[in-house]
Engineer: 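I have a structure I would like to understand better, so I am pasting it below and will then ask my questions one at a time.
Being a predicted model, the structure only gives us computed values, none of them experimental. By convention in this document, chain letters (A, B, ...) are assigned in the order of the sequence lines, proteins followed by strands, and residues within each chain are numbered from 1.
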There are 2 protein chains.
Amino acid sequence: MAVQGAQVVGRVALLLRLVGRKPEGTSLAGLVRESGLTRPTVHRLLTSLAAEGLLEHDMSSGKWVLGPEVFLLGSVAAARFPMEDIARPSLRRLAAETGESAFFSIRRGNETVCVLREEGSFPVRSFVLHEGVRFPLGVASAGTAIMAFLPPKEQESLLADWPAHAADFAAGHPADVVRDNLEQTRLTGYSVNPGLILEGSWGMGAAVFDQQTRPAWALSLTGIEPRFRPDRQEFLGKLLLEEAHRMTARLQGA
Amino acid sequence: MAVQGAQVVGRVALLLRLVGRKPEGTSLAGLVRESGLTRPTVHRLLTSLAAEGLLEHDMSSGKWVLGPEVFLLGSVAAARFPMEDIARPSLRRLAAETGESAFFSIRRGNETVCVLREEGSFPVRSFVLHEGVRFPLGVASAGTAIMAFLPPKEQESLLADWPAHAADFAAGHPADVVRDNLEQTRLTGYSVNPGLILEGSWGMGAAVFDQQTRPAWALSLTGIEPRFRPDRQEFLGKLLLEEAHRMTARLQGA
DNA sequence: AGATTTCATCCACAATATGGACACCACCCA
DNA sequence: TGGGTGGTGTCCATATTGTGGATGAAATCT
């Protein structure tokens, strides 16, 4: 769309993203469904990508997974994105002090992608969120925390075409509910997801800002509803904001 | 080549690999030269890849670097390739005990790619090798260590078309010299690169084997010539073999 | 054993990517 | 000042390339 004569590049990138969402792998049919492309096309692209080592075809399960070449390129790219070094200490502290699982997500276009996870000690854990999972902005606590601090114009343009943007999540996330959540997030500084994605699975998030003071990342916590009652929310929110602020400060400095 | 109707996929993968070789970025002209493609084509593909976030175009320097999407995909793929966890302890020990810089490389097709580096304490260091650098099999100590333990047929097929395979390195690495090095490597277990890539910059390597007992990875050390005199080679070789064996054992178990 | 779903491959067709050509810019040196 | 060099960005006619409907094989369910 952006560039002429680049149809395949877009399709390749789309497939890589889709495959990357499921660490356990995705079937051809699944990718056909999710990509909206025809089966022969998907099949040919997957085979080619596998020949280049960007994907692998697990013969036993028939599923497609990210290949060694992606790992290699990623480890080179990681030098330019030292998120692990910067975010891990905060995640550890959050997980240790709260007992919940802590996550670090990054904004990528109109989505958030979960990059890092630190398990908490609390024995009941939700697996809605894990490394590689993507949500539209405004969905899940991280995406809400980020969207709330975007320029109002950008927020409006997302809300204007909300059903298209939120896609599968639009049903559970009506535009007016999202609008309220964003407003609330701006008031308190942190976002709360009251089980909108999966009933009983709650989350809270806080945005981390880049040098241009744009919300580019987010820290978040997830757990079950009883652990996110109003009285505890304040405590969790304070911790999140503290760590988010610490990271923002470090990133401004660098 | 392998797959029909996939020209672009191959080209895209090629460009990503080329960009990944230089952490500081590569210019359009450089990529045109290295890829053998025409400039409009390279330009269009780069622009498209940048639009997808797989590359970034540094406006100030005009160079192309790996983008955030590669980082994200890579951090998902890293779960399937836990090299960091497995290799880092060995690298640390090697660097600590020898003072040289230690590297972990992975075989990828007919190349080796350097994935991990651990700096030694010795104050003179070579920067020929760093994360992302690729060499044809048989070039550099890691590639020699791996190639020496491939099935003889595969070695022969590489040597048969040596100038094409070794490309730029063919001049400094005549086929008969490489053949001798491989033979020597099989005798001692470890490889020695006596400054063939850059005069005075030596290296030694040892292969690490996968579940099918194929040489899939290599540990290596690099430093200046006086630190790799024959008397010390034995010491370094022993350490390398020890750590390589330890890693092989761990990988067989898993 | 038949029904259903998923995967693999073929091939005529035209949409798509290609690359020669041109325009532009920055820099260097006579 | 002006011509030379080396780099980047863009256009557009062309045919090479990728497309996807259709068909068959294979696996899985009923």
Side-chain angles (χ1 to χ4, degrees), chain A residues 1-67 69 80 168, chain B residues 1-67 69-70 168:
Chain A
M1 24 187 164
V3 185
Q4 296 281 51
Q7 194 195 50
V8 211
V9 176
R11 293 179 169 191
V12 159
L14 172 62
L15 289 175
L16 288 175
R17 281 197 300 273
L18 290 175
V19 173
R21 294 210 295 205
K22 305 247 180 75
E24 73 278 13
T26 319
S27 68
L28 173 62
L31 291 168
V32 169
R33 209 176 313 119
E34 293 173 336
S35 67
L37 302 171
T38 64
R39 209 188 31 261
T41 298
V42 174
H43 183 263
R44 185 162 22 76
L45 291 176
L46 292 178
T47 314
S48 314
L49 287 167
E52 298 292 340
L54 291 166
L55 293 181
E56 268 181 356
H57 192 192
D58 182 343
M59 284 314 179
S60 57
S61 68
K63 305 223 167 170
W64 300 83
V65 288
L66 294 177
E69 199 65 63
R80 295 198 343 105
D168 297 346
Chain B
M1 25 185 165
V3 185
Q4 295 282 50
Q7 196 195 50
V8 212
V9 175
R11 295 180 168 192
V12 159
L14 172 62
L15 289 175
L16 287 174
R17 282 196 300 272
L18 290 175
V19 172
R21 294 209 297 205
K22 304 247 179 74
E24 75 278 13
T26 319
S27 67
L28 172 63
L31 291 168
V32 169
R33 210 175 311 119
E34 294 173 335
S35 67
L37 303 171
T38 63
R39 204 158 39 72
T41 298
V42 173
H43 183 263
R44 185 162 22 78
L45 292 175
L46 292 178
T47 314
S48 316
L49 287 168
E52 298 292 340
L54 291 165
L55 292 181
E56 269 181 355
H57 192 192
D58 182 342
M59 283 314 178
S60 57
S61 68
K63 306 226 167 167
W64 300 82
V65 288
L66 294 176
E69 200 65 62
V70 169
D168 295 345

Engineer: Considering all heavy atoms of both residues, which atom of A:Glu69 and which atom of B:Arg17 are nearest to each other, and what is their separation?
Structural biologist: OE2-CG, 3.7 Å
Engineer: Test of understanding: with side-chain contact (heavy atoms from CB on, under 4.5 Å), list the residues that count as partners of B:Arg39, not counting sequence neighbours.
Structural biologist: B:Leu28, B:Val32
Engineer: Taking side chain to side chain donor-acceptor pair (under 3.5 Å) as the test, write out the residues that go with A:Arg80, two or more places apart.
Structural biologist: B:Glu56
Engineer: Is B:His43 near enough to D:dG9 that one of its side-chain N or O atoms lies under 4.0 angstrom from OP1 or OP2?
Structural biologist: yes
Engineer: Specify the residues of residues 58-66 of chain B, ordered by number, for which at least one heavy atom lies under 4.0 angstrom from an atom of DNA chain D.
Structural biologist: none
Engineer: Please identify each residue that fulfils side-chain contact (heavy atoms from CB on, under 4.5 Å) with B:Thr26, with sequence neighbours left out.
Structural biologist: B:Lys22, B:Leu31, B:Glu34
Engineer: Taking side-chain contact (heavy atoms from CB on, under 4.5 Å) as the test, write out the residues that go with B:Val70, two or more places apart.
Structural biologist: A:Leu73, A:Ala77, B:Leu54, B:Leu66
Engineer: Taking only residues two or more places apart in sequence, or in another chain, which ones meet B:His43 in a ring-ring contact (aromatic ring centres under 6.0 Å, His included)?
Structural biologist: none
Engineer: Among B:Thr47, B:Leu16, B:Leu45, B:Val65, exactly one meets side chain to side chain contact (heavy atoms under 4.5 Å, CB included) together with B:Leu55. Which residue is that?
Structural biologist: B:Leu16
Engineer: By a strict heavy-atom criterion of less than 4.0 Å, which residues belonging to residues 20-40 of chain A are in contact with DNA chain D?
Structural biologist: A:Thr38, A:Pro40
Engineer: When rounded to the nearest Å, what value does the distance between C1' atoms of D:dT16 and D:dC12 take?
Structural biologist: 16 Å
Engineer: Would you please name every residue forming a side chain to side chain donor-acceptor pair (under 3.5 Å) with B:Ser27, sequence neighbours left out?
Structural biologist: none
Engineer: Might you list the N or O atoms of the protein lying below 3.5 Å from N or O atoms in nucleotides 13-16 of chain D, with each pair's distance?
Structural biologist:
none

Engineer: Run the side-chain contact (heavy atoms from CB on, under 4.5 Å) test against A:Ser35 and tell me which residues pass, sequence neighbours left out.
Structural biologist: A:Leu14, A:Leu15, A:Leu18, A:Leu37, A:Val42
Engineer: Could you give the CG-to-C1' distance, from B:Leu46 to C:dG19, as a whole number of Å?
Structural biologist: 15 Å
Engineer: Separation of A:Arg44 atom CZ from D:dG21 atom P, in whole Å?
Structural biologist: 12 Å
Engineer: For A:Arg11 and C:dA17, is the shortest distance between a side-chain N/O and OP1 or OP2 below 4.0 Å?
Structural biologist: no
Engineer: For the helix from C:dT16-D:dA15 to C:dA30-D:dT1, figure out the bend between the end axes, five pairs an end, and round to 10 degrees.
Structural biologist: 10°
Engineer: Over all heavy atoms of both residues, which pair between B:Glu52 and A:Ala13 is shortest? Give the atoms and the distance, please.
Structural biologist: OE1-CB, 3.5 Å
Engineer: Hey, what bend do you get for the helix from C:dA1-D:dT30 to C:dA14-D:dT17 if you fit axes on five pairs at each end, rounded to 10°?
Structural biologist: 10°
